[in-house]
Amino acid sequence: MVVLASTALEQITLPVAPKPSTYFSGTPVINLAQPGLETLLVRACEEFGFFKVTNHGIPVELMARLEAEVVKFFSLPQAEKDRAGPANPFGYGNKTIGSNGDIGWVEYLLLDVTSKPMSHTSLAFLEEPSASTLRSALNDYVSAMRKLVREILELMAEGLGIQPRDILSKLVADEESDSMLRLNHYPPCPHLQGPDCSLTGFGEHTDPQIISVLRSNNTSGLQISLRDGSWVTVPPDQDSFFINVGDSLQVLTNGRFRSVKHRVLANALKSRVSMIYFGGPTSGEKLAPLPLLMGEGEQSLYREFTWWEYKSSAYRTRLADNRLGQFKR
Ligand SMILES: C=C1C[C@]23C[C@@]1(O)CC[C@H]2[C@@]12CC[C@H](O)[C@@](C)(C(=O)O1)[C@H]2[C@@H]3C(=O)O
Ligand SMILES: O=C(O)CCC(=O)C(=O)O
Ligand SMILES: [Fe+2]
C-alpha cells in the first residue's frame with residue numbers, strides 16, 4: 001500500500017499495482033478494410049473479448065481534436081473542474097470511481113450521451129459558451145462512435161452466421177439506447193519512485209454494456225486479463241481503437257464471447273488520457289442468450305433480465321465484483 005498525502009484532501013490509500021509487465025504482442029488486430037475479417041473478429045471475441053481496430057475510417061484529426069479539448073478541460077483549475085462534479089454517476093470525478101468505495105489515480109468526466117446531440121442529458125457546464133469547442137468535438141466524436149459500434153456489431157453477427165445483419169447492432173442503435181462517454185485522465189504520480197513503479201489508475205473490472213470502444217493517447221497503462229488469469233500490458237496506439245466485449249454481449253452469446261477483465265495502471269512520468277464510448281441497450285431491453293446462437297440441447301447460462309435490472313444491480317457493486325454472478329442460472 002502507498003499513502004498519498006500531498007495535501008490533506010489526498011490522504012487516501014491506493015493499492016500499489018504489480019510492476020507492469022512487458023508489452024503483449026498478441027492483441028488481435030482487425031483491419032476493417034480487409035475482406036474476410038469476420039472470422040478473425042469472432043475468434044478474438046471468443047479468445048480475448050478484446051481486439052484492436054485499424055482502418056476504421058474515423059479521421060485521426062477528430063480523435064486528436066477531442067483529446068486536445070479533454071486535455072484543456074483537465075488543465076483547468078481544480079475549482080473550475082469541480083463545477084462539473086460530483087460524478088453521481090455523471091459529471092466530474094476525482095479519485096473516487098462509482099459510489100461503493102472504489103478509488104484510483106484518475107480524474108474523469110462521465111457523460112450520458114444517449115440522446116442525439118447532447119441535449120437535456122448533458123451537464124450544465126457543457127452548455128456554457130466557454131465549453132462550445134469541447135461540446136462540438138464531443139458531438140462529432142460520439143456520432144462517429146455510434147456508427148463504428150453499429151458496423152462492428154454487424155460484422156460480429158455476420159461472423160457468427162446469424163441474421164438479420166442488425167440483430168446485435170439494433171440493440172445500440174435506438175435513440176433511447178443507453179450510451180455513455182468516459183474521458184479519463186491519469187496524471188503522472190510523483191509519489192512513485194522510478195519509471196517501473198506503478199499505481200492502480202482504474203481497478204480491474206468488466207464493462208457492463210454490450211460493447212466499449214477505447215481510444216487513448218500514446219501512454220501505456222491498459223492491461224487485460226487473459227484466459228489463464230495472467231495480466232498483460234496492451235501497447236498503446238493512438239490512431240486505433242480498442243474494443244471490449246461487455247457483460248451484456250457475453251450474455252447474448254451465452255458465454256461464447258468473453259467480457260474482458262481489464263484495468264489501468266498509472267505511472268510516475270506520463271499522463272494517460274483515454275476516451276471510452278460504452279454502447280448499451282435501451283432500459284427495457286430484455287437480455288438473454290440469442291436462440292439463434294444456441295446449439296442443440298444447449299442450456300442458457302443466464303436468466304433473462306432487462307438492461308435496467310442489470311445496470312441498477314451493477315451500480316450497487318464494487319469494480320472488481322463478478323456482476324453477472326447473480327444472473328446465472
Ligand atoms: C464501481 C462502479 C463504477 C461503475 C459502476 C460501478 O458500481 C460498477 C461498474 C463501473 C463501470 C465500469 C465501466 C464504465 O467505466 C462505467 C461507467 C460503467 O458503466 O460501469 C463504470 C461505472 C461508473 O464509473 O459509474
Ligand atoms: O482508461 C482506460 O484506458 C480504461 C478505463 C476503463 O476501463 C473504463 O473507464 O471502463
Ligand atoms: Fe472498462
Side-chain angles (χ1 to χ4, degrees), residues 17 20 27 49-50 52 63 67 70 74 85-114 172 177-187 198-225 231 233-238 240-250 258-267 270-281 283 307-308 310-326:
T27 303
F50 180 80
K52 170 166 136 172
M63 294 141 87
E67 183 186 324
V70 169
F74 287 122
N88 59 2
F90 301 115
Y92 170 77
N94 190 2
K95 297 190 185 71
T96 60
I97 301 173
S99 49
N100 306 310
D102 287 286
I103 50 172
W105 189 254
V106 63
E107 58 175 340
Y108 60 89
L109 268 176
L110 187 56
L111 306 172
D112 176 1
V113 294
T114 292
V172 298
S177 293
D178 187 4
S179 51
M180 289 182 210
L181 188 73
R182 176 169 211 131
L183 308 165
N184 289 329
H185 173 221
Y186 303 90
S198 59
L199 186 74
T200 300
F202 204 112
E204 67 173 81
H205 67 283
T206 58
D207 294 343
Q209 293 80 1
I210 292 178
I211 187 169
S212 320
V213 183
L214 182 152
R215 189 269 177 187
S216 78
N217 66 352
N218 251 341
T219 303
S220 63
L222 178 67
Q223 295 197 321
I224 59 167
S225 165
W231 287 96
T233 300
V234 177
D237 179 351
Q238 61 185 358
S240 302
F241 292 101
F242 292 92
I243 309 295
N244 292 342
V245 167
D247 297 344
S248 302
L249 190 51
Q250 176 170 314
R258 245 181 115 219
S259 173
V260 64
K261 220 187 254 176
H262 55 287
R263 67 183 182 192
V264 179
L265 306 185
N267 72 53
K270 277 186 79 191
S271 278
R272 176 177 166 89
V273 175
S274 61
M275 345 206 262
I276 307 109
Y277 176 85
F278 302 95
S283 292
W307 169 240
W308 172 251
Y310 189 58
K311 192 174 163 182
S312 339
S313 140
Y315 274 70
R316 289 192 292 270
T317 62
R318 299 283 301 259
L319 268 182
D321 288 346
N322 171 14
R323 281 176 273 288
L324 273 180
Q326 56 178 295

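First listed ligand is number 1; within each ligand, the first listed atom is number 1.
Summary of contacts: the protein heavy atom closest to atom 10 (C) of ligand 1 is L319 CD2, 3.8 Å. Looking only at protein heavy atoms, the nearest one to atom 12 (C) of ligand 1 is H205 CD2, 3.6 Å. Given atom 25 (O) of ligand 1, the protein heavy atom at minimum distance is Y315 CE2, 3.3 Å. For atom 9 (O) of ligand 2, the nearest protein heavy atom (residue, atom name, distance) is R182 CD, 2.9 Å. Of the protein's heavy atoms, H205 NE2, 3.1 Å lies nearest to atom 10 (O) of ligand 2. Nearest to atom 23 (C) of ligand 1 among the protein's heavy atoms is R182 NH1, 3.7 Å. Scanning all protein heavy atoms for the shortest distance to atom 5 (C) of ligand 2 gives N184 ND2, 3.4 Å. Atom 14 (C) of ligand 1 has its closest protein heavy atom at F278 CZ, 3.4 Å.
Rounded to 10°, the angle that OD1 of D207 and NE2 of H262 form at the Fe ion (ligand 3) is 90°.
Judged by distance alone, the side chain of D207 and the main-chain N or O of S212 form no donor-acceptor pair under 3.5 Å. The backbone N or O of V273 sits less than 3.5 Å from a side-chain atom of N217, completing a donor-acceptor pair. Not one N or O on the side chain of N244 forms a donor-acceptor pair closer than 3.5 Å with the backbone of G49.
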Check: Can K95 and W105 be said to form a side chain to side chain contact (heavy atoms under 4.5 Å, CB included), step by step?
Finding: CA-CA 6 Å; K95 297 190 185 71; W105 189 254; 3.5 Å; yes
Note to self: Using the rule given for side chain to side chain contact (heavy atoms under 4.5 Å, CB included), can you reason through L222 versus L214, listing the C-alpha separation, both sets of side-chain angles and the distance that settles it, and then say yes or no?
What the structure shows: CA-CA 10 Å; L222 178 67; L214 182 152; 4.2 Å; yes
Next item on the list: Take H262 and Q223, measure what side chain to side chain contact (heavy atoms under 4.5 Å, CB included) needs, and give me the verdict at the end.
Entry: CA-CA 6 Å; H262 55 287; Q223 295 197 321; over 6 Å; no
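The cationic group of R182 lies under 6.0 Å from the six-membered ring centre of Y108 and within 45° of the ring axis, placing it in a cation-pi geometry.
Minimum heavy-atom separation, P281 to W307: O-CD1, 3.4 Å. In terms of heavy atoms, Y186 sits closest to A266 at CB-CB, 4.4 Å. N100 and T317 get closest at one heavy-atom pair: ND2-O, 2.7 Å. Contact record, P236 with S216: CB-OG, 4.4 Å, taken as the closest heavy-atom pair. Y315 approaches P89 most closely through the heavy-atom pair CE2-CB, 3.9 Å.
Ligand 1 places these atoms under 4.0 Å from at least one heavy atom of D102: 1 (C). Every atom of ligand 1 is numbered from 1 in the order shown, and the set under 4.0 Å from a heavy atom of L110 is 17 (C), 25 (O). Close approach to H262 involves these atoms of ligand 2, each under 4.0 Å from a residue heavy atom: 7 (O). Per-residue contacts place N100 under 4.0 angstrom from the following atoms of ligand 1 (heavy atoms of the residue considered): 7 (O). Those atoms of ligand 2 with a heavy atom of V264 less than 4.0 angstrom away are 1 (O), 2 (C), 3 (O), 4 (C). Taking every non-hydrogen atom of D207 and a distance limit under 4.0 Å, the qualifying atoms of ligand 2 come out as 10 (O). For ligand 1, the atoms lying closer than 4.0 Å to a non-hydrogen atom of Q209 are 18 (C), 19 (O). The S274 neighbourhood of ligand 2 comprises atoms 1 (O), 2 (C), 3 (O), with distances under 4.0 Å to a heavy atom of that residue. Close contacts of ligand 2 with F278, meaning ligand atoms under 4.0 Å from a residue heavy atom, involve 8 (C), 9 (O), 10 (O). When each atom of ligand 1 is checked for a heavy atom of A314 under 4.0 Å away, the hits are 6 (C), 7 (O), 8 (C). Of all atoms in ligand 2, listed by their number and element, those nearer than 4.0 Å to a heavy atom of I276 are 1 (O), 2 (C), 4 (C), 5 (C), 9 (O).
Considering backbone and side-chain atoms alike, T317 places an N or O below 3.5 Å from some N or O of ligand 1.
Taking the six-membered ring where tryptophan is involved, the planes of F242 and F50 are essentially parallel, since the angle between them stays under 30° and well short of 60°.
Looking at L214 against ligand 2, only its side chain comes within 4.0 Å, counting heavy atoms. Neither the backbone nor the side chain of V106 has any atom closer than 4.0 Å to an atom of ligand 2 (non-hydrogen atoms only).
The OG atom of S313 sits 11.5 Å away from atom CH2 of W308, with the distance rounded to the nearest 0.5 Å.
The nearest non-hydrogen atom to atom 13 (C) of ligand 1, considering only D247, D207, D321, comes from D207. Checking G104, S99, G98, P208 against atom 2 (C) of ligand 1, the nearest heavy atom belongs to G98. Distances from atom 3 (O) of ligand 2 to the heavy atoms of Q209, R263, R272 show the closest one on R272.
Heavy-atom contacts from other residues, nucleotides or ligands closer than 6.0 Å to NZ of K261 number 12 or fewer.
Partner of I276 under the side-chain contact (heavy atoms from CB on, under 4.5 Å) criterion, out of L181, N184, L183, L110: N184 alone.
Residue contact check for ligand 2: Y108 places no non-hydrogen atom closer than 4.0 Å to it. Heavy atoms of K311 stay at 4.0 angstrom or farther from ligand 1.
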